Amino acid sequence: MAKRKVTTIPATINKFTAKPMDSKKKRKVAGYARVSTDHEDQQTSYEAQVDYYTTYIQGRDDWEFAGLYSDEGISATNTKHRDGFNQMISDAMAGKIDLIITKSVSRFARNTVDSLSTIRKLKEHNIECYFEKENIWTFDSKGELLLTIMSSLAQEESRSISENVTWGQRKRMADGKVSFAYSRFMGLDKDKETGKIVVNPEQAKVVKLIFRLFLEGLTPHAIAVELTNRSIKTPGGKDVWNQQTVRRMLSNEKYKGDALLQKEFTVDFLQKRMKKNEGEVPQYYVEGNHEAIISPAVFDMVQAELARRTKGGSRYSGVSIFSNKIRCGDCGGWYGSKVWHSTDQYRKVVYRCNHKYKDEKCQTPHVTEDEVKALFIKAYNELISEKKEIIANAELVRKTLCTTDGLLEEKQKLEDEILVLVEMTQNVVAENARVAQDQEEYQKRYDGLVQRYETTKKEYDELVDKIEQKEAHGERMRQFIKTLKDQDGIITEFDDILWGSMVELVTISREKRSVTFKDGTEITVE
């Protein structure tokens, strides 16, 4: 900005208010500068504003420079997070400022309510504001009317900019262009040369560990404790993990190479308030967008396990690898852990039926951790003795019961039908807008198409769920077969990884004890 020539005005009369002034008392004047982005050209604008107002104020004999307040790279749709602005208002209220000068109304605030309420508060304390671009002085009788108009225009400009930005973002999403906060996302980085999403090998190990621990039976809370104990940093670089972070990671489709776009959207452009998208605006799902860290089958298996643990409203404890793995064969309830002699040398952990002391008391005996481990070792060694036969049966089950070829063909047909119904509905609406027609007949056609769409969509969703369940079951069988093939002989000690990958559940009753493996094989242990 070119340096402006300043002419000194005799101090006896204030040319702006036309009111007598004390010729000995100078007005304490502060400048306020702000730019709304961190772009280089905006930084130049910011520096120019600072230089201009400093020179402008100090060049007046009847003004005393009270400082230059500024905010850089801050949006002005509200004043909540503008530290420089808020400090200036605070100093003005404390009597340190008589006049505030700024470039324009939009630099001051793009929110009409914030702008007017702040200016009125300043006027009550005999503090004036001057907006150079609009030539508005707030002590002028016409000032507030002009200010209301200009603030409204600035707010409308902000709304328009927000809508344009939102449109651009949604267009990118509709085109399948994916972007997210890499700095707070574990396992994926942005390639500096190509701009594509790439896997971070070291962080990917942590992601795989989280998914493995979950499938071994631990809860998000227990996984968070384990990661903290191992001194592994969180995605945000913190030392302590929490279960919400773990749960979000377990549910994030980006780990299987896909991307769901517009999970949240802005509902208030002034407050920048975000809301979880619950169908208010379209979402876009991009399959195979980037390299996967977790295979799609394993990811789907985790989603099925998350749903299973919350099914029926029961609380999944997952405090150990035995949690929700031991079932009562007499009443059908689950065993929970209890600590006996917790404060003395005889302390031990036992598992007993959770219905033992309820209305209909269960008489099934308790078991200790050592007993469960011994039970698993015996059952596993019996299973491994028939390794070839078990593997052959498991592969047959996987091929016959877990195949999804026919379902995928049916899914494609339903997708095609849905696209046709959507196009037909759009055509009906467009035709009604162009050509006058019987509205009752139009409504029947429209309602009929919508009903067909909803029925087909429901059928499609059920089919997708069925496919995911089959694929998850197939993946469990594949992992079971692979683990069994890798084992050479019997075991003499308990292996928690083997337990997590092989065992579906242990059944305890008054008559017998058995182990059910993930292929469905049940072995009774005497």
Side-chain angles (χ1 to χ4, degrees), residues 213-219 221-222 301 304-342 346-387 390 393-394 397 473 476-477 479-480 483-484 487 490-526:
L213 291 175
F214 181 79
L215 289 176
E216 287 177 3
L218 297 187
T219 63
H221 172 73
M301 185 163 58
E305 178 64 10
L306 280 168
R308 185 189 71 81
R309 293 184 186 184
T310 56
K311 189 175 181 180
S314 59
R315 184 177 182 273
Y316 181 90
S317 62
V319 294
S320 81
I321 59 174
F322 302 111
S323 299
N324 289 68
K325 285 276 193 178
I326 308 174
R327 188 174 66 184
C328 177
D330 295 328
C331 73
W334 291 98
Y335 270 48
S337 62
K338 304 291 182 291
V339 179
W340 286 1
H341 300 282
S342 61
Y346 302 106
R347 184 185 188 279
K348 68 176 180 178
V349 178
V350 302
Y351 289 83
R352 72 184 183 204
C353 181
N354 290 328
H355 292 165
K356 187 172 182 65
Y357 294 109
K358 291 195 174 180
D359 295 337
E360 296 182 6
K361 294 181 174 59
C362 181
Q363 300 300 316
T364 309
H366 70 269
V367 290
T368 65
E369 282 191 0
D370 289 339
E371 288 174 327
V372 176
K373 291 178 179 179
L375 185 64
F376 167 68
I377 292 171
K378 288 182 180 180
Y380 175 80
N381 287 336
E382 185 174 334
L383 181 80
I384 205 74
S385 67
E386 301 176 2
K387 177 178 175 179
I390 295 293
N393 290 336
V397 168
H473 185 205
R476 285 197 298 271
M477 295 296 290
Q479 293 282 2
F480 174 84
T483 303
L484 199 56
Q487 302 306 308
I490 64 173
I491 59 174
T492 57
E493 295 182 354
F494 180 80
D495 187 321
D496 56 353
I497 295 178
L498 207 56
W499 161 273
S501 61
M502 298 288 285
V503 175
E504 184 69 26
L505 60 90
V506 170
T507 303
I508 306 293
S509 68
R510 282 173 288 184
E511 302 297 329
K512 68 173 186 176
R513 298 180 177 187
S514 65
V515 177
T516 302
F517 292 90
K518 290 194 173 180
D519 70 326
T521 301
E522 183 179 2
I523 295 180
T524 300
V525 180
E526 301 296 337

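Computed from a predicted model, the values in this text were never measured in an experiment.
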Any side-chain heavy-atom pair of [X] and [Y] under 4.5 Å:
X: Lys387; Y: Leu484; value: yes
X: Leu375; Y: Ile508; value: yes
X: Val367; Y: Arg513; value: yes
X: Val506; Y: Phe322; value: no

What distance do [X] atom [atom1] and [Y] atom [atom2] have between them, rounded to the nearest 0.5 Å?
X: Arg352; Y: Cys328; atom1: CZ; atom2: SG; value: 13.0 Å
X: Phe376; Y: Ile491; atom1: CZ; atom2: CD1; value: 4.5 Å
X: Lys518; Y: Leu505; atom1: NZ; atom2: CG; value: 10.5 Å
X: Leu383; Y: Ile490; atom1: CG; atom2: CD1; value: 13.0 Å
X: Arg510; Y: Cys362; atom1: CZ; atom2: SG; value: 6.5 Å

Quiz item: Are Thr364 and Tyr335 close enough, and set up right, to give a side chain to side chain contact (heavy atoms under 4.5 Å, CB included), and what steps lead you there?
Solution: CA-CA 10 Å; Thr364 309; Tyr335 270 48; 2.9 Å; yes
Can you name the nearest heavy-atom pair linking [X] to [Y], along with the distance?
X: Glu382; Y: Thr524; value: OE1-O, 4.2 Å
X: Ile377; Y: Thr492; value: CD1-O, 4.0 Å
X: Ile384; Y: Asn381; value: CG2-O, 3.1 Å
X: Val525; Y: Ala379; value: CG2-CB, 3.9 Å
X: Arg327; Y: Gly333; value: CG-O, 3.4 Å
X: Ala394; Y: Met477; value: O-CE, 3.5 Å

Self-check item: Test side chain to side chain contact (heavy atoms under 4.5 Å, CB included) applied to Ser509 - qualifying residues, sequence neighbours left out
Solution: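 Only Asp330, Glu511, Lys512 meet the side chain to side chain contact (heavy atoms under 4.5 Å, CB included) criterion with Ser509.
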Quiz item: With sequence neighbours left out, what residues match Asp519 under salt bridge (Lys or Arg N to Asp or Glu O under 4.0 Å)?
Solution: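 Counting only residues at least two positions away or on another chain, Asp519 forms no salt bridge (Lys or Arg N to Asp or Glu O under 4.0 Å).
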Exercise. Report the C-alpha separation of Glu386 and Thr521 in whole Å, then their side-chain angles, then the decisive distance to 0.1 Å, and conclude whether the side chain to side chain contact (heavy atoms under 4.5 Å, CB included) test is met.
Key: CA-CA 11 Å; Glu386 301 176 2; Thr521 301; over 6 Å; no
Exercise. Could you check whether the rings of Phe517 and Phe480 sit parallel, tilted or perpendicular, using 30° and 60° as the cut-offs?
Key: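 Tilted.
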Quiz prompt | Parallel, tilted or perpendicular: rings of Trp499 and Phe494 (30°, 60°) | solution =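 The arrangement is tilted - the two ring planes meet at 30° to 60°.
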Quiz item: Going by atom types only, do Thr516 and Glu504 share a side-chain donor-acceptor pair under 3.5 Å?
Solution: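 Side chains of Thr516 and Glu504: no pair found under 3.5 Å.
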Exercise. I would like to know whether Lys338 and Asn354 meet side chain to side chain contact (heavy atoms under 4.5 Å, CB included); could you show each step before the answer?
Key: CA-CA 10 Å; Lys338 304 291 182 291; Asn354 290 328; 3.6 Å; yes
